[in-house]
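The next block holds one structure in the form of structure tokens; read it before the comments.
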Amino acid sequence: MRFQIVLPKSVQKELDRLPDEIARRILTRLAGLETNPRPADMKKLKGRDAWRIRVGDYRVIYEIHDRTLQIIVITIGHRREIYR
């Protein structure tokens, strides 16, 4: 069972602004979510139906839709700015 990763245009722009090395690490991590949408280091966010994974100092916030086998990335950003 493989999940499809959905990157909205706003998230794609955030990814384009990041340094190449960090963007590459984030994309590698997202590719891993296709087969395992709930890795051991993910966390459920309070107050919303979303999950978070860490990639160094950056965070990826996403929603898991089991019925449609989709992972929708909500936002990507540095840890000091992502939760505002």
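Every side chain to side chain donor-acceptor pair (under 3.5 Å) that D41 has, sequence neighbours left out, goes to R29. Residues satisfying the salt bridge (charged side-chain N to carboxylate O under 4.0 Å, His left out) criterion with E81, sequence neighbours excluded, are absent altogether. Here D49 pairs with K44 under the salt bridge (charged side-chain N to carboxylate O under 4.0 Å, His left out) rule; sequence neighbours left out. Residues satisfying the salt bridge (charged side-chain N to carboxylate O under 4.0 Å, His left out) criterion with R25, sequence neighbours excluded, are absent altogether.
With values rounded to the nearest 0.5 angstrom, I64 atom CD1 is found 11.0 Å from I72 atom CD1. In this structure, CD1 on I22 lies 4.0 Å from OH on Y58, to the nearest 0.5 angstrom. L69 CG to R2 CZ: the interatomic distance, rounded to the nearest 0.5 Å, is 11.0 Å. In this structure, I71 CD1 and L7 CG are separated by 10.5 Å, a value rounded to the nearest 0.5 Å. Note that CE of M1 is 10.0 Å distant from CG of N36, once rounded to the nearest 0.5 Å.
Looking at Y62, its side chain never comes within 3.5 Å of a backbone N or O of I5 through a donor-acceptor pair.
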### Message
The test is side chain to side chain contact (heavy atoms under 4.5 Å, CB included); show your working for R52 and I82 and say whether it passes.
### Response
CA-CA 10 Å; R52 180 218 76 196; I82 195 86; over 6 Å; no

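Residues in residues 62-72 take part in these salt bridge (charged side-chain N to carboxylate O under 4.0 Å, His left out) pairs, two or more places apart or across chains: R38-D66. For residues 70-80, the set of pairs meeting the salt bridge (charged side-chain N to carboxylate O under 4.0 Å, His left out) definition, not counting sequence neighbours, comprises D57-R79.
The hydrophobic clustering, which links ILVMFWY residues whose side-chain heavy atoms are closer than 4.5 Å, places M42 and V60 together. F3 and I53 fall within the same hydrophobic cluster, where Ile, Leu, Val, Met, Phe, Trp and Tyr residues are linked whenever their side-chain heavy atoms come under 4.5 Å apart, directly or through other members. Under the 4.5 Å side-chain heavy-atom criterion for Ile, Leu, Val, Met, Phe, Trp and Tyr, V6 and L45 are members of distinct hydrophobic clusters.
Annotation for V11 and I74: closest pair CG2-O, 3.3 Å, computed over non-hydrogen atoms. Smallest separation of non-hydrogen atoms from V73 and P8: O-CD, 3.3 Å. A23 approaches L15 most closely through the heavy-atom pair CB-O, 3.9 Å. Of all heavy-atom pairs spanning I76 and L18, the tightest one is CG2-CD1, 4.0 Å.
Checked for salt-bridge contact, E21 and R24 meet the test: a charged N lies under 4.0 Å from a carboxylate O.
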